[in-house]
Amino acid sequence: MRLNLTLTGTLLAASLLAAAPAFAQGSGSATLDAVKARGVLVCGVAGAVPGFSLPDSQGVMRGLDADSCRNVAAAVFGDPSKVKFAVTTTQNRFTALQSGEIDLLVRSTTWTLSREGDLGLLFAGVNYYDGTGFLVKKALNVKSAKEMDGATICVQPGTSTELAISDYYRVNKMKFTPILIQDLAEIQNAFLSGRCDAYSTDSSALATFRATQTNKDDFLLLPEIISKEPLGYVVRKGDDKWFDIVRWTYFATVAAEEMGVDSKNVDTMLASTNPDIRRLLGLEGTLGKSLALDSKWAYNVIKQVGNFGETWDRNISVLGVPRGINAVWTKGGLHYAPPLR
Ligand SMILES: N[C@@H](CCC(=O)N[C@@H](CS)C(=O)NCC(=O)O)C(=O)O
């Protein structure tokens, strides 16, 4: 019996080996192969958050998350328009990725241990170092979250915000009543109509929500940022090559900003003698090959979408949100690219 099992095992291994040459002709990434065969990257976004992902008047998805999706499409296809945006909710975003419905998730999603350890997902990069905040009406006459004992707080279910608020209240020995509302328009209306004293989520979204209100001066973002919410690019575990592609695409945008390469000067930079710039732009070395991509993968991202700072300014600075810790490390921020060599 044992012999039979061993034999079956050997046969199985042999048949897998026999199949290996066909697999070797692929890129080594099932996700990359599927994306290329389909001709389009399917990227999960929120589709409703100004500055992150929101269709403009022409129906074109705009925002930092949308452009993060475009970065990967530009790296893979040399064409950032080859993205299909899939609208996901705070509650279905992880199953959409696990089931293979989407290739990549960039949806103001916080990198946490349990999301990697329990959900079979990996965070390949952080496009916004954020934190949970509270938005209140000035009429409430509150200046600090510490004055919010007994408050009702509107929060979306399935978010890391829920845990951040309960931790904060526990630490400060205060009580609150959560009002859980999934739909974004509904939660914002609940807050505006006074159903809750505060609206809590990532402070970026609170700031951009406030900035887009006609009576924005009636609202106050409380000074406390009560948690760390690094928002990022998320992929499934088990496809290391795809993880590499997404991770180094993000790093390429940061490296470009660090080196002063942007969408406007990138063609002039093709004449640069700086070895780091030459490798980044695919003029020497084999970085593209290492990722199973074209040698111009990073050039295409920078030329067609922009470096990290350009993407930030286009989507976030315009809403009046300061760069802060989201600057590159050479300017005192947290975005730092390891060597592209
Ligand atoms: N970063 C937190 C919160 C995510 C979250 O609630 N995002 C909000 C604000 S940016 C959102 O996307 N709302 C839009 C929607 O649900 O349509 C998490 O990963 O759980």
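All of these numbers come straight from a predicted model, not from anything done at the bench. Keep in mind that the numbers below use all heavy atoms, side chains included, and drop hydrogens, waters and symmetry copies. Ligands are counted one by one from 1 in listed order, and the atoms in each one are counted from 1 as well.
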Please report whether ligand 1 has a polar contact with Arg107, defined as an N or O pair separated by less than 3.5 Å (distance criterion only).
yes
Heavy-atom proximity to atom 5 (C) of ligand 1 ranks first, among Leu54, Thr90, Leu184, for Thr90
Partners of Asp262 by side-chain contact (heavy atoms from CB on, under 4.5 Å), sequence neighbours excluded?
Lys264, Asn265, Asn307, Glu310
Beyond-backbone contact of Tyr169 with Lys175, side-chain heavy atoms, under 4.5 angstrom
no
Heavy atom under 4.0 Å from ligand 1: found in Leu231's side chain, backbone, both, or neither?
side chain
Salt bridge or not for Asp65 and Arg107, using N-O below 4.0 Å?
no
Does Asp202 have a non-hydrogen atom less than 4.0 Å from ligand 1?
yes
Contact check, Arg93 vs ligand 1, heavy-atom distance below 4.0 Å:
yes
For atom 14 (C) of ligand 1, what's the nearest protein heavy atom and its distance?
Val49 CG2, 3.5 Å
Where on Ala205 is there a heavy atom closer than 4.0 Å to ligand 1, on the side chain, on the backbone, on both, or on neither?
side chain
Backbone or side chain, does any N or O of Arg115 fall under 3.5 Å from an N or O of ligand 1?
yes
Under 4.0 Å to a heavy atom of Thr161 - the qualifying atoms of ligand 1, by number:
3 (C)
Atoms of ligand 1, numbered as shown, that sit under 4.0 Å from any heavy atom of Thr109
19 (O)
From the options Gln91, Gln182, Glu162, Gln156, select the one whose nearest heavy atom is closest to atom 8 (C) of ligand 1.
Gln156
Under the side chain to side chain donor-acceptor pair (under 3.5 Å) test, which residues partner Arg314, sequence neighbours left out?
Asp67
